[in-house]
Novice: 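Below you will find the structure I want to go over with you.
Ligands are counted one by one from 1 in listed order, and the atoms in each one are counted from 1 as well. We number each residue from 1, following the sequence as shown. Worth saying up front: this structure is predicted, and the values here are computed from it rather than measured. Just the heavy atoms: all of them, side chains too, but no hydrogens, waters or symmetry mates, feed the values below.
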Amino acid sequence: MPGVFVADLLSDTVTQPTEAMRRAMAEAPVGDDVFGEDPTVVELEARVAGLLGHEAGLFTPTGSMANQLGMRLHVEAGQEVIADSLAHVLRAELGAAAVLSGISSRSWASVRGRLEPAGPLGLMSVGAGPYQVGTALIVVENTHNFGGGTVQPLEVIREVRSVSREAGVAMHLDGARLWNAHVATGVPLADYGREFDTVSVCLSKGLGAPVGSVLVGSRELMERARVWRKRFGGGMRQVGILAAAGLHALDHHVERLADDHARAGRFAAAVGEVAPSVVSPGAVETNIVMLDLTETRWTPTELVDAAAARGIRTYAAGPSAVRLVWHLDVDDVGTDAATEVFSDLLR
Ligand SMILES: *Cc1c(COP(=O)(O)O)cnc(C)c1O
């Protein structure tokens, strides 16, 4: 619940809309978006498409829906999508690609979600005729959530793209936190975006909007995606009220992601000093810190509970991992408090 914690590091989805964002939402001109008549949604879709170097965009209620539409566009029922074994599309979308679209999947192993060319290129299967499942799509996640906010190097993406394009395999970017990759590296959003057939981005993570994602691609692909969005139950009406939050976030909350990265880095440096096996500061690239408890006496749940009792909310992310995520509702005071609590507990 908002306000209960000194620092709520559970996720970058827990932010409260700012007063200015609420005003922008209240004042947004709206229309029926199923008829394409909401000017605020039209503006948001065009703006995000432009930022990412694509022709057209489609506003969706969730990042999962944007990813599911992206996969649906490229993969026929019975074909496969491939992604790394920690990918959100495989781990956290509850099998939707299989359930809704008849898509099968395989994955490659990765360290912290980092893309290496051999991962997708060694796994993809093309031209196997009627004998093996054909790979239709590679999904790349940037930054990588369960990998711990890992940024994917542009050269590696380009290498994968040049080989897979030759083989006729499409690429989709799960860019829920692409904003963080852009701010951390200075690589223009469009330089990432242009390497993919479709890209999804979230407005409700670090950007601090209450709801919403955008899928971008060619005009033709977005026309098809619009049909499937309606079929999936995602046709929305006067939804400019939400798109306005996204536009406001693009104006005011992108560059400030650097503050989140700096605070996460400061936390990791301090905690890494007292507990080097738990976090290495070099591993923190953006706003996510993963604590590795393998060499401690803590289980993730015990550590999460102990920190919560002292006002710091975090997330048990696996059998030996705790995740902390910085966002616009965690300031220096919250960061200092979290640093003190975790240094204490892990010392
Ligand atoms: C949050 C997230 C999504 C989308 O999640 P929704 O809760 O469906 O909006 C997609 N990919 C990644 C990597 C995410 O972190």
Side-chain angles (χ1 to χ4, degrees), residues 9-15 17 44 48 52 57-72 81 83-97 99-101 105 107 110 112-115 137-152 157 171-184 192-193 196 198-216 225 228-229 232-234 236 239 242-243 245-246 249 253 257 260 264 285-290 314-315 317-318 321 323-328:
L9 299 160
L10 182 74
S11 170
D12 43 8
T13 57
V14 301
T15 54
L44 176 70
V48 175
L52 292 166
L58 186 72
F59 188 49
T60 61
T62 64
S64 295
M65 189 184 281
N67 282 336
Q68 291 303 321
L69 289 171
M71 289 190 278
R72 175 94 222 181
V81 58
D84 81 276
S85 64
L86 300 173
H88 192 279
V89 292
L90 300 187
R91 280 190 85 193
E93 297 181 14
L94 306 187
V99 174
L100 303 176
S101 301
S105 60
S107 57
S110 68
R112 303 191 61 244
R114 169 112 41 224
L115 183 65
L137 179 69
I138 295 167
V139 175
V140 172
E141 188 172 313
N142 192 16
T143 68
H144 202 296
N145 179 356
F146 295 121
T150 312
V151 178
Q152 309 297 1
I157 294 170
M171 281 176 65
H172 171 77
L173 172 60
D174 178 353
R177 295 187 182 79
L178 190 65
W179 319 104
N180 296 85
H182 158 64
V183 167
Y192 287 121
F196 296 87
T198 47
V199 182
S200 68
V201 288
C202 282
L203 305 164
S204 59
K205 298 280 168 74
L207 293 200
V211 176
S213 283
V214 180
L215 178 72
V216 305
W228 278 101
R229 183 185 67 174
F232 283 168
M236 300 176 288
V239 74
L242 296 178
H253 296 169
L257 292 171
D260 299 340
E285 300 177 45
T286 53
N287 65 325
I288 301 178
V289 176
M290 280 286 184
T314 57
Y315 177 68
R323 188 189 71 175
L324 297 81
V325 189
W326 268 258
H327 53 76
L328 84 173

Novice: Considering only residues two or more places apart or on different chains, which pairs with a residue in residues 85-94 satisfy side chain to side chain donor-acceptor pair (under 3.5 Å)?
Specialist: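 Those involving residues 85-94 are N67-E93, Q68-E93, H88-E93.
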
Novice: Could you tell me which residues satisfy side chain to side chain donor-acceptor pair (under 3.5 Å) with T62, sequence neighbours excluded, listed by chain and number?
Specialist: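 Side chain to side chain donor-acceptor pair (under 3.5 Å) list for T62, sorted by chain: empty.
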
Novice: Under the criterion side chain to side chain donor-acceptor pair (under 3.5 Å), which of N142, T286, T143, D12 is the partner of R177?
Specialist: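 Passing option: D12.
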
Novice: Side-chain contact, heavy-atom cut-off 4.5 Å: F196 with I157?
Specialist: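 A side-chain contact under 4.5 Å exists here.
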
Novice: Could you go through the side-chain hydrogen bond (donor to acceptor under 3.5 Å, both in side chains) check for T150 and R114 one step at a time?
Specialist: CA-CA 6 Å; T150 312; R114 169 112 41 224; 5.3 Å; no

Novice: Using side chain to side chain donor-acceptor pair (under 3.5 Å) as the criterion, list what pairs up with S107, not counting sequence neighbours.
Specialist: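 S107 satisfies side chain to side chain donor-acceptor pair (under 3.5 Å) with no other residue.
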
Novice: Which pairs of nitrogen or oxygen atoms, taken one from ligand 1 and one from the protein, are under 3.5 angstrom apart?
Specialist:
unit_1   : atom_1 : unit_2 : atom_2 : d
ligand 1 : 8 (O)  : S64    : N      : 2.8
ligand 1 : 8 (O)  : S64    : OG     : 2.6
ligand 1 : 9 (O)  : G63    : N      : 2.8
ligand 1 : 11 (N) : H88    : ND1    : 3.4
ligand 1 : 11 (N) : D174   : OD1    : 3.0
ligand 1 : 11 (N) : D174   : OD2    : 2.7
ligand 1 : 15 (O) : N145   : ND2    : 3.1
ligand 1 : 15 (O) : R177   : NH1    : 2.9
ligand 1 : 15 (O) : K205   : NZ     : 2.8

